[in-house]
Structure formats: structure tokens, C-alpha cells
Novice: 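To start, I am sharing the structure in question, which I have written as C-alpha cells.
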There are 4 protein chains.
Amino acid sequence: MIGVTAAAGPPRAPGRPRSTRADEAIIDAVLDLLAEGTNAEAISIEAVAARAGVGKATIYRRWANKEALLVDAIMNLKGQSPDLTGTSVRDDLAALLRPVGRSRRPHPAAAVLPCLISEMHRNEQMWAGYQQVVEPRRQLMRDVLERGIRTGELRADLDVELTLALLTGPVLIQHELRWNPRLDPASLPERVVDAVLEGIGGPAR
Amino acid sequence: MIGVTAAAGPPRAPGRPRSTRADEAIIDAVLDLLAEGTNAEAISIEAVAARAGVGKATIYRRWANKEALLVDAIMNLKGQSPDLTGTSVRDDLAALLRPVGRSRRPHPAAAVLPCLISEMHRNEQMWAGYQQVVEPRRQLMRDVLERGIRTGELRADLDVELTLALLTGPVLIQHELRWNPRLDPASLPERVVDAVLEGIGGPAR
Amino acid sequence: MIGVTAAAGPPRAPGRPRSTRADEAIIDAVLDLLAEGTNAEAISIEAVAARAGVGKATIYRRWANKEALLVDAIMNLKGQSPDLTGTSVRDDLAALLRPVGRSRRPHPAAAVLPCLISEMHRNEQMWAGYQQVVEPRRQLMRDVLERGIRTGELRADLDVELTLALLTGPVLIQHELRWNPRLDPASLPERVVDAVLEGIGGPAR
Amino acid sequence: MIGVTAAAGPPRAPGRPRSTRADEAIIDAVLDLLAEGTNAEAISIEAVAARAGVGKATIYRRWANKEALLVDAIMNLKGQSPDLTGTSVRDDLAALLRPVGRSRRPHPAAAVLPCLISEMHRNEQMWAGYQQVVEPRRQLMRDVLERGIRTGELRADLDVELTLALLTGPVLIQHELRWNPRLDPASLPERVVDAVLEGIGGPAR
DNA sequence: TGTTAACCGAGACGGTACGTCACGTCTTACA
DNA sequence: TGTAAGACGTGACGTACCGTCTCGGTTAACA
């Protein structure tokens, strides 16, 4: 009551405020474990608490369960966006798809994702978290497509959302599920972009 | 005749042979639990043993762990193949894609699959099991595409394997990951087939 | 005052302290099972946990294994000491020996003891537990013998420890091992006391 | 009814007779395991069968359970009787007691015995087995005592059975139970013999 | 000389209990 | 009230043996 700050912001909950140090330590611990190659579903709350130097209760006060913690953790690691040259729609799309499908641990989100799918099927909140993670990348791709429409590289009546799925789906299943052993994952992004563009591009053909 | 019989048949392992009744009871128990809506990763060996009327050791004698049991179980449930009218490539491909992406539990394999992905990333044997499950469906699609090439519905230099990925990927990620909330899963199969065909079709355009 | 309190009391371990209710419930459960006639080696941790309304982990947090639990349990049941009349060394010794050898379940410790012997041969800690159980009774007998020495009932140079063994040994093996079918266990304590006293007594002879 | 042989001996069961090689192999396997220091209660039928190169059923066809097998096994190993000089009752008794109480594994029977006690309390047959093992040694001691009575070394009205217990009991409990840490097990046999003789001896005093 | 019945090894069977682990909750003392 | 620590009840894990039950294949006395 000392200052005038009382009117500023939310009413300020009573008691000791939550430590931001704990927040960060927890998220960092998860990310560390992930980075060490620990399989996401093999990460235990107990291990996270121990590594973060935090009590288990402190974790459960912030997240409902392990999965919620994991989504939150992967949301806190933004994969750096690839440089888009902007010279051609084709090159930009390929640049966006490449990190999804190329290396062994391309995008850290992709590593955790499979472990969360089954949980997502039961937990509505988790979908929201996932959407928050993928939406920015999806938007990047949308921007490229819309730019292509404006410049005439793509046909005007292109269904953008469908095209996103056409581009991402093949690369993603091949990476996550090793769907087809006869397909080379390394060259897949480019080939997918070409195949889709060839079909949907306006003057290209 | 004596010498000829030497080569006939497997040498027959010593000891009491494994009970085929147990095999079936175990697989059936897993399938039952799955059918009841139990999430695959929530299935416990103890529950399977209890329902199958079987000792836990009998399960562990056959499978190394829970995941191995699950792959084997889903391999034992062949989703019935959809009727292919054969009238057009487009219709047949849509018929093949529809069960993948449409309903809540379309193909039972699809229901278990997400739970196994993370295990598959560690266990090489499990990939083989998965391939055995999807390969037949992939082959069906290949047959349709090759028929289309022969009839001229599709261009002669079509890359069949790539086309499989282009068709299946979008439907699969939308179903398994609810990848894009702006896409309607119900109509997706047809739209994907059309979009891909439009691009890769020969005289169609 | 600040500095003085530093040395006061145990440092108090962090975290939730162990529940004394659990301690008691577990020990009571063991004792109950024993009292019901369950053979000590047939007692399972699972049964103890179930009866005590306690998780197995709670037991394993306190005791390393089943045997350690059992010794601890029998240590918590002090057989009531017999009334010593004090009129004569002979009567008091017989009174002390009688509960060891007489009935079917004379001293509860005697019932569990045989089951633990083999474990004791491997586990040094267990000997300590056993000593704690028998030492008080041994001391009672020592007191009687030393009183006898002071009163002149026993010779002055009596080897007290050896005499303890001479008195207890025969009764114990007859009870625990039914060592000799020609010996009547009921009358044995008195006869042993008489035989030993006759030899070691001073003026008695 | 054909021959007169009907009255002679057991009727000879039909079918293949039991292999004596198996009998020996099984007993030997138990004895081997015991000799290697395996604790008797830690011996498993499976281990015995494996070591004997025998099927488990072959064991169960002969013995009802593990304990019955163990008693039978220890009955098949007769500890060699010590040389009795015959010069004095004292020396002979001490010679008989010494192997019971001295070394770490004095008499192999003594090693198994503790593990069987609890089982013996439930199983009447097992007592019989135990008696068969100890009776010969008891008889040796009886012989010495009776010889002492005849020669006048011991009093004529000596209770032989009681004296057996007085001699054996203290040594046995000290060895099996490490009953009293203040007693030296090495010198115990002689001291017990002396103490008992001093009391029960006739002219000795 | 077959037949026959119980034996043999091997090992699978349904069970029970083991001791470990992680879950998500609860309970301390302290800040 | 938040926090670190750690105990709590729960329940599955994968292992080890239990004592029983098939298997295909001996092994001897009887017929």
C-alpha cells in the first residue's frame, strides 16, 4: 500500500509471488534433457525437478501433467526461421520444408511431437498448445504462397490451406513415420515442392 | 525313402510347444482393450494378462515389451480393403484415402500408431512391423496408379512413390495431428486427390 | 540466544517426515499375521502392505527387505517378563526358562526366530537385531545368578556366561529343533536347572 | 498269479523303472550347490534341475517339495565320525562336540539345518528325516556316556538323554544362533563338557 | 518280437511375490 | 502464499520360481 502502484496492473495475488527463476529452471531442465537425446516420453517429472533444483509440487502448481509441461517447453524454443531469399516461391517453400524433413533432429519440436500425439487425442488443451507451435511456421508458408499469387507465380484461385497440407504432409510423414522406405528423405522437400507447383502453378506449365 | 524325409519340416523344438490358444487369447485381449477405447499406451501387460487368462510370463516369453506386443497385435487386424470400382483413378484413390482420414477410429492401426511412433524411433524392429502393416495398403494405391498410367489417365513418367506420399501425407497429418484447424478432414481426401491429379495428370489439363 | 540454539536437537531432516502411523500400521500388520499363525517366511511384503493400508514403497523406504522387517517387528513385541519370586535361585531360573520351552508359541520371538537364522548367517545387521531381543532376557538370568553368588547359593567362581548357555541351550534346541524325541519338553526346564545347579552349586552338594 | 513270485518282494511296477542316475545326479547337484556356499533356502528346484541335467518333473516325481529334497540330500552326506580315543569320557565327549561347534561349516548338516527348521514346524515327515540325521551322532554320545557309567567315571543314576541335551544344547545354540557374543565358540565344547561332568560326575568331585 | 506303460529331457503353463520406478498428492519448515 | 524436500498410496514394470502340464522320445518287462 505504500506506493501508487496499487492501481497499476492486475490486483496482485496475496502471498509470495511465484518465482520466475523456478519457471525458467524447469523449462531449461526439460530442454536440456531433450537436447541430451532423452526420448520425450521417457522424461520424468522427478528427473526434471531434480535437475531444475525444484520441488515436484512447484512443477505441478504450474502444469497439470507431464504432457502440458512438454508442450510448454517446446513452445519456448523457437526454431530460428530459415532465411527466405524471396527470389522465387519454389526456393522459399523448399527452404521452409527442408528443416522439417532433413536431419535427424531437425526441429526440436519435431522430436517431442510424436510422444504427445496420443495425449493430444485425449486432451483438448494440448491441441491448442500444438497449434501455437506450428502456426507461425504455417503463416510463413502462407505468406510465401500469397506473395506468389500476387506476383502471378501461382494461380489466383489457389486454395492456400490445402496447399499447405499438400506441401507439409508428405515431408512430415516421411520424417516422423519413415513412411516409405523407397523415398529418399533428403531430396523429398524439393521434389514435393516441384510436384505440387507443377500441378498448381499457373503459367508454370 | 528314409533319406528323403531328413530334409522335411522344421526340427521341432524340444519341450512343450507354445500354446496357440495363449497366442490368440493375448492378441485378442489387446484388440479388445483397443476396441473398448483404451488408449494404446495406457494398456498394461497386467491388464492384458488378466483379460487373456494368462500369466504375465507367458506374454514376456513371446514379446520383449509392451510395444512389441502392440505392433504384433495391430498387425493381426487387417482393416478390410475398400471396394475399388475401377471406373476411374480418381474415385479409386479417394476410396483408398477416405478410411485413413475420415472417422474417429478409421483404421484400427491408425489408432495405435501414434503411441508407437516414439518407440519406433528407438527400436529398429518396430519399423519392420510397421512397414508390414502399411505396405499392403501402399501396394493397393500403387496398383491404381500403375493402372492409370497404362490407361493413359496419368502421365507416363509419373513418379509413383512420390505420388503415394503426396496423396497420403496430407490426409494422415490432418488426421493424426489435426494439423490445420482450417482444413475440413471430411472432404480432404477428395480435395487432395483432385489437387494432385490436376498437377500430375497428363491429358487432364 | 542465537548461537546457543545451534547445537540443540537433531538437525531435522528436510521434507515431509515419515509417518509414525505408517510405522505402527506396518509393524502391527506383521505381528497380526504372525499371531494368526502365518509362518514367518510365508509372510509377503504385499500382504503386509495390503493389511497395513500402506504402499509397498513405504515399507521398502524403511526396511531393506523382508527379513529386516521381521526382526524389527519381533523386536517390537516384548514378551512380558515372568514374575520372579526371589525365594530361590532354582525357582527363578526355572521361571525364566519355562516360557522359552513350554507351550507351542511361548515367546513370539521364538516363533519367528527359526525363519531368520539362515538370513542372519548372511546379514551382519541382523545379528545385532537378534542380540537386542535376547539380551534383556539374558540379563534377567544374569541378575539371578549374580544374586545367587552374593547369597552363597552359588559358588563364587561361577562362570556366569557359560552357565547361561548351559541353562538355555538344552531348552532352546529341544523347543526349536525337537532335538530329542525321548525328552519331555514340558519338564525339561526344571530338570535342566536342577542338573546344572547340582553341578555348579557350592554347598548344595 | 502265474508264478510264486507274488509273495516275494514288491510286485515290481510296470513301465520303465526310475533311473538311479537321475537320483544321484539330483542329490549331487544339491550337495554341490550347498558346498559352493549357496544358502539352503536360496536353492531353487530350477537350479538343481539345470545342474543335474534333469527335468523338473523328474525331481517332483521323487520329492514332494524343495524341503523334502533338502532333508534327503543332507541325509546322504554322512559326516565322518571323529576318532574316539576311548581314554576318557571327557576327551571323547569333547571330540564329539567339537565338530558341531567349531568351524564355519563344521558339519554340512548344520549348514542346511537352520533353513529347514521353519518347514519342520509344519511338516511332520521332515522331523523324521531330521531325526535320522542326528540319531547316529546322538547314539555315539550315548555310547560314550554308558561306557562311562560302566567304568564308574560317571554316576550310575545318570539321566543319559538329559545329559545329551545338556552337552549338545549350549554348543548348538552358540553355533547356529551366535547366541551370546561373550562366549568364545572355539573353547566352548571343552568348557561345556567340563562343567557338565563336574556336576554329574560321581567320584570326580 | 512287439506292446505297453511309465519313465526321461525339455520347456511352456497360470500363478505369486519380488524389488524398483514414477505417478500425482500431501505435509513439513522456512522464506 | 510459495518453495525445496521428500514421504504418501497407487499401480505397472520386468524377473524369478513355484508346482503342474504337455511334448517327442527312451527303456525295460510282459506277452
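Any value given below was found using the heavy atoms of this structure, including those in side chains, with hydrogens, waters and symmetry copies removed. First the proteins, then the strands, lettered A, B, ... as listed; each starts at 1.
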Novice: Taking only N and O in the side chain of R62(A), is any of them less than 4.0 Å away from OP1 or OP2 of dG24(E)?
Specialist: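 For R62(A), the contact criterion (side-chain N or O under 4.0 Å from OP1 or OP2 of dG24(E)) is not met.
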Novice: Got a salt bridge between E36(A) and R51(A), using NZ or NE/NH1/NH2 to carboxylate O under 4.0 Å?
Specialist: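 Judged by the 4.0 Å cut-off on N to carboxylate O distance, E36(A) and R51(A) do form a salt bridge.
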Novice: Decide yes or no, distance alone: a donor-acceptor N/O pair under 3.5 angstrom between the base of dC26(E) and the side-chain of R16(C).
Specialist: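 By the distance-only test, yes, there is a pair.
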Novice: If we check side chain to side chain contact (heavy atoms under 4.5 Å, CB included) with I26(A), which of these qualifies: I45(A), V54(A), L31(A)?
Specialist: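 It is V54(A); the other options fail the test.
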Novice: Given atom CD1 of I45(A) and atom P of dA5(F), what is their separation to the nearest angstrom?
Specialist: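 In whole Å, dA5(F) P lies 16 Å from I45(A) CD1.
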Novice: Let me know the distance between CZ of R21(A) and C1' of dA4(F), rounded to the nearest Å.
Specialist: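 Those two atoms, CZ and C1', are 12 Å apart.
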Novice: Donor-acceptor check, side chain of K66(D) to backbone of I43(D), threshold 3.5 angstrom: yes or no?
Specialist: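 Yes: the side chain of K66(D) pairs with the backbone of I43(D).
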Novice: How many whole angstroms separate atom CD of E41(C) from atom P of dA17(E)?
Specialist: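 It is 13 Å, rounded to the nearest whole Å.
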Novice: Test of understanding: with salt bridge (Lys or Arg N to Asp or Glu O under 4.0 Å), list the residues that count as partners of D23(D), not counting sequence neighbours.
Specialist: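 Salt bridge (Lys or Arg N to Asp or Glu O under 4.0 Å) check on D23(D) returns R62(D).
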Novice: Within this structure, what is the NZ-to-C1' distance between K66(A) and dC21(E), rounded to whole angstrom?
Specialist: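 Roughly 11 Å, once rounded to whole Å.
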Novice: Rounded to the Å, how far apart are D23(A) CG and dG2(F) P?
Specialist: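 The answer, rounded to whole Å, is 12 Å.
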Novice: Could a donor-acceptor pair under 3.5 angstrom be found where the side chain of R18(D) meets the base of dC7(E)?
Specialist: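 Result: no qualifying N/O pair found.
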Novice: So if I take every side-chain heavy atom of P17(C) and compare against dT3(F), dT28(E), dG14(F), which nucleotide ends up nearest?
Specialist: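 For P17(C), the side-chain atoms sit closest to dT28(E).
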Novice: I would like to know whether E41(C) and E67(C) meet side chain to side chain contact (heavy atoms under 4.5 Å, CB included); could you show each step before the answer?
Specialist: CA-CA 8 Å; E41(C) 77 177 5; E67(C) 284 74 25; over 6 Å; no
Novice: Go nucleotide by nucleotide along DNA chain F from the 5' end; which of T20(A) and P14(B) gets its closest nucleotide reached first?
Specialist: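 First, find each residue's nearest nucleotide; the 5'-ward one identifies T20(A).
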Novice: Counting distance only, does the side-chain N/O of T38(B) pair as donor-acceptor with the main-chain N or O of L33(B) below 3.5 Å?
Specialist: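 A pair under 3.5 Å: yes.
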Novice: To the nearest angstrom, how far is L70(A) atom CG from dA22(E) atom P?
Specialist: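 So the two atoms are 15 Å apart, to the nearest Å.
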Novice: So which of residues 52-61 of chain C are in contact with DNA chain F, with a heavy-atom cut-off of under 4.0 Å?
Specialist: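 Heavy-atom cutoff 4.0 Å gives G53(C), V54(C), G55(C), K56(C), A57(C), T58(C), R61(C).
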Novice: Give, for atom CD1 of I27(C) and atom CH2 of W63(C), the distance between the pair rounded to the nearest 0.5 Å.
Specialist: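 I27(C) CD1 to W63(C) CH2: 4.0 Å, rounded to 0.5 Å.
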Novice: Rounded to whole Å, please give me the gap between CG in N65(B) and C1' in dC21(E).
Specialist: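 After rounding, the reported distance stands at 17 Å.
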Novice: Nearest whole angstrom, please: distance from the C1' of dG14(E) to the CD of E46(B).
Specialist: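 These atoms are roughly 14 Å apart.
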